[in-house]
Amino acid sequence: MSGGDTGRAVEFVGPERVDVVAIDDPVPAPDEVVVEATVSAVSAGSELLAYRGELDPDTVADEELPSLDGDLSYPLRYGYAAVGRVTAVGDAVDPAWRDRTVFAFNPHESRFAVSPDALYPVPDGVGPETATLFANAETAVSLTLDAAPRIGERVAVFGEGVVGLLTTALLARSGAETVVAVEPREDRRSLAAEFGADAVVDPSRHDGRAGVVDAVREHTDGVDLAVEVSGRPETLETAVETTRFDGRVVVGSWYGTKRADLGFGDHFHRGRVTVRSSQVSTIAPELRGRWDRERRRETAWRELRRLNDDLDVTDRLVTDRVPVADAPSAYRRLADERDATRQILFTYPCTN
């Protein structure tokens with residue numbers, strides 16, 4: 001983008017209100033570079049919470065990411081999966097950064113200045129659209145590390161959005177005996193099966209929580225491990241009820257201001273079920289002696305490239321490519337849960 005084109009940024013300005021605002025050309029500090037975005041991915045989880053007004057405005061967006069160190073109050077620039085090209089470098093930066101294709105945990109902006117330390121060069125053989133899935137792939141890797149599936153275990157994944165599908169694919173290759181995908185949307189259930197799920201369950205076809213639990217148990221006789229990534233608090237209790245004695249439930253969903261109404265009754269109490277959170281901003285304490293962010297990110301790039309080679313995940317997951325100027329319509333479509341949208345990408349440049 002050059003020649004006087006106006007830069008753009010996406011801002012959440014209130015519940016179900018999104019603006020695309022003009023931004024000035026960034027001038028890099030001596031230790032910064034300028035990135036011109038090519039494409040950025042919309043998170044159907046956290047960004048939909050921002051769109052619906054379901055985030056606590058006093059919460060820090062992400063303490064680990066410099067571009068998201070503010071709170072979650074409106075107006076809010078949010079997003080963390082931008083891919084672009086380095087177009088300018090500061091005086092103190094190695095000139096070799098110029099023209100590199102990079103990934104950045106940055107909001108949806110057509111141009112931005114950033115420290116090279118916050119950028120991740122896109123590996124050879126990974127295209128820009130595939131690279132936008134890196135954040136989701138890293139989350140899936142983190143979930144799989146936290147879940148620690150053992151060979152022969154029976155696993156259920158609740159929610160087959162992009163993160164759920166990538167997690168299902170990794171768990172299916174982990175040595176688990178059976179992986180069951182629980183998802184109300186038909187297109188996502190079909191993809192889950194293609195990504196390695198041994199069985200799929202449509203919760204809308206069963207009578208309440210007990211019916212869904214019975215349906216999962218038909219395939220597993222109870223799971224050793226349940227991964228909850230549906231984004232729906234009501235799903236958590238169902239996940240707990242599907243587990244066997246001493247089963248584990250790993251919660252990857254961020255519910256925002258929504259609350260889970262949990263009845264931790266006999267099955268949870270007498271069954272010694274463990275419920276733990278998984279969050280990609282940090283690494284589990286028990287892994288930190290062997291795993292750091294660099295190792296996890298190298299693993300995420302490798303697994304993303306492998307899954308794309310084997311399953312063509314980019315073409316299967318990306319359903320919408322939307323000029324960033326049309327961002328408001330993209331969020332409206334994302335919020336319509338009857339739509340077959342999976343992964344939305346914003347494309348750049350946009351011009352006057």
Next on the checklist: How close do A192 and T168 get, counting heavy atoms only, and between which atoms?
Outcome noted: O-CG2, 4.2 Å
Checklist entry - If we only count heavy atoms from C-beta on, is the R259 to P233 side-chain gap below 4.5 Å? => result no
Checklist entry - Any donor-acceptor pair under 3.5 Å linking the side chain of R305 with the backbone of P123? => result no
Next on the checklist: Any non-hydrogen side-chain atom of E298 less than 4.5 Å from a side-chain atom of E294?
Outcome noted: yes
Item to check | Backbone N/O of A29 and side chain of E32: donor-acceptor pair under 3.5 Å | outcome: yes
Next on the checklist: Just by distance, no angles: are the side chains of Q279 and S281 close enough, under 3.5 Å, to form a donor-acceptor pair?
Outcome noted: yes
Checklist outcome for this item: Shortest non-hydrogen pair, I283 vs D292, comes out as CD1-C, 3.3 Å
Checklist entry - Do T319 and R342 have side-chain N/O donor and acceptor atoms under 3.5 Å apart? => result no
Checklist entry - Rounded to the nearest 0.5 Å, what separation is found between the CG atom of L48 and the CG atom of L55? => result 10.0 Å
Checklist entry - Would you call the rings of F103 and W301 parallel, tilted or perpendicular if under 30° counts as parallel and over 60° as perpendicular? => result perpendicular
Next on the checklist: Could you check whether any side-chain N or O of R232 sits under 3.5 Å from a backbone N or O of S253, counting only pairs where one atom can act as donor and the other as acceptor?
Outcome noted: no
Checklist entry - V83 and L304: same hydrophobic cluster, using ILVMFWY side-chain contacts below 4.5 Å? => result yes
Item to check | L317 and its side-chain contact (heavy atoms from CB on, under 4.5 Å) partner, picked from N136, L307, V162 | outcome: V162
Next on the checklist: Could you see if L334 belongs to whatever hydrophobic cluster contains W254? Use Ile, Leu, Val, Met, Phe, Trp, Tyr and a side-chain cutoff under 4.5 Å.
Outcome noted: yes
Checklist entry - For S230 and E228, does a side-chain donor sit closer than 3.5 Å to a side-chain acceptor? => result yes
Checklist entry - Going through the distances and angles, do E138 and R296 end up as a salt bridge (charged side-chain N to carboxylate O under 4.0 Å, His left out)? => result CA-CA 7 Å; E138 187 178 27; R296 189 180 63 185; 3.3 Å; yes
Checklist entry - Given I344 and R321, is the side-chain contact (heavy atoms from CB on, under 4.5 Å) satisfied, shown in steps? => result CA-CA 6 Å; I344 293 176; R321 296 165 177 84; over 6 Å; no
Item to check | Under 3.5 Å: donor-acceptor pair, side chain of R154, backbone of E177 | outcome: no
Checklist entry - When you check the side-chain N and O atoms of S46 and S43, is any donor under 3.5 Å from an acceptor? => result yes
Checklist outcome for this item: The ring pair (Phe, Tyr, Trp, His ring centres under 6.0 Å) partner of F12 among Y78, Y74, Y331, Y51 is Y331
Checklist entry - Are T87 and V35 side-chain neighbours, meaning at least one heavy-atom pair lies under 4.5 Å? => result no
Checklist entry - Between Y80 and S40, is any side-chain donor less than 3.5 angstrom from a side-chain acceptor? => result no
Checklist entry - What residue among V102, V122, D99 forms side-chain contact (heavy atoms from CB on, under 4.5 Å) with R85? => result D99
Checklist entry - So which heavy atom on D202 is nearest to which on R189, and how close? => result CG-NH1, 3.3 Å
Item to check | Any side-chain heavy-atom pair of R288 and T282 under 4.5 Å | outcome: yes
Item to check | Sidechain N-carboxylate O distance under 4.0 Å for E109, R8 | outcome: no
Checklist outcome for this item: In short, E183 meets E160 closest at the heavy-atom pair OE1-N, 2.8 Å
Item to check | Note, D56 side chain near L72 side chain (heavy atom, < 4.5 Å) | outcome: no
Next on the checklist: What I want to check is whether the side chains of T314 and N308 have a donor and an acceptor closer together than 3.5 Å.
Outcome noted: yes
Next on the checklist: I need the minimum non-hydrogen distance between L119 and A104, along with the two atoms involved.
Outcome noted: CD2-CB, 3.6 Å
Item to check | V227/F158 under side-chain contact (heavy atoms from CB on, under 4.5 Å): CA gap, chis, key distance, verdict | outcome: CA-CA 6 Å; V227 179; F158 290 81; over 6 Å; no
Checklist entry - In terms of hydrophobic clustering (I, L, V, M, F, W, Y; side-chain heavy atoms under 4.5 Å; direct or indirect links), are V155 and V182 co-clustered? => result no
Next on the checklist: Just verifying a value: how many Å separate R244 CZ and R248 CZ, rounded to the nearest 0.5 Å?
Outcome noted: 12.0 Å
Item to check | Atom pair CG/CG of L170 and L143 - distance to nearest 0.5 Å | outcome: 9.5 Å
Checklist entry - Could E234 and R209 be called an ion pair, given the rule that one side-chain N must be under 4.0 Å from one carboxylate O? => result no
Checklist outcome for this item: The reported gap from OG1 in T347 to CG in D320 (rounded to nearest 0.5 angstrom) is 11.0 Å
Next on the checklist: Measuring only between side-chain heavy atoms, which start at C-beta, is S329 closer than 4.5 Å to R332?
Outcome noted: yes
Checklist entry - Linking I/L/V/M/F/W/Y whenever any side-chain heavy atoms sit under 4.5 Å apart, do L311 and V126 land together? => result yes
Next on the checklist: Would a single hydrophobic cluster contain both L166 and V180, if residues Ile, Leu, Val, Met, Phe, Trp and Tyr are joined by side-chain heavy-atom contacts under 4.5 Å?
Outcome noted: no
Checklist entry - Near D207 CG, under 6.0 Å, is it more than 12 heavy atoms from other residues, nucleotides or ligands? => result no
Next on the checklist: Before you tell me yes or no, could you show the steps for T139 and S142 under side-chain hydrogen bond (donor to acceptor under 3.5 Å, both in side chains), namely the whole-Å CA-CA distance, both residues' side-chain angles and the distance that decides it to 0.1 Å?
Outcome noted: CA-CA 5 Å; T139 299; S142 188; over 6 Å; no
Item to check | Non-hydrogen atoms of V250 and A147 that approach each other most closely | outcome: CG2-CA, 3.8 Å
Checklist entry - Do V251 and V275 pass the side-chain contact (heavy atoms from CB on, under 4.5 Å) test, and can you show the C-alpha distance, the side-chain angles, and the key distance before you say yes or no? => result CA-CA 7 Å; V251 184; V275 178; 3.9 Å; yes
Item to check | Side-chain heavy-atom pair L345, Q343 within 4.5 angstrom cut-off | outcome: yes
Checklist entry - Okay, side chain of E303, backbone of A300: is any donor-acceptor separation there less than 3.5 Å? => result no
Checklist outcome for this item: dist D146:CG -> S277:OG (nearest 0.5 Å) comes out at 8.0 Å
Next on the checklist: As an exercise, state the distance from CG of L225 to CZ of R150, rounded to the nearest 0.5 Å.
Outcome noted: 9.0 Å
Item to check | Validation row: K258, L49 side chains within 4.5 angstrom (heavy atoms) | outcome: yes
Next on the checklist: If you count every heavy atom of other residues, nucleotides or ligands that lies below 6.0 Å from D309 atom CG, does the total exceed 12?
Outcome noted: yes
Next on the checklist: Consider side-chain hydrogen bond (donor to acceptor under 3.5 Å, both in side chains). Of E11, R77, E47, which one does H108 pass it with?
Outcome noted: E47
Item to check | Verdict with supporting geometry, V39 and F346, side-chain contact (heavy atoms from CB on, under 4.5 Å) | outcome: CA-CA 6 Å; V39 65; F346 290 144; over 6 Å; no
Checklist entry - Should we count CG of D24 as having more than 12 external heavy atoms under 6.0 Å? => result no
Checklist entry - Would you call the rings of F105 and F134 parallel, tilted or perpendicular, where under 30° means parallel and over 60° means perpendicular? => result tilted
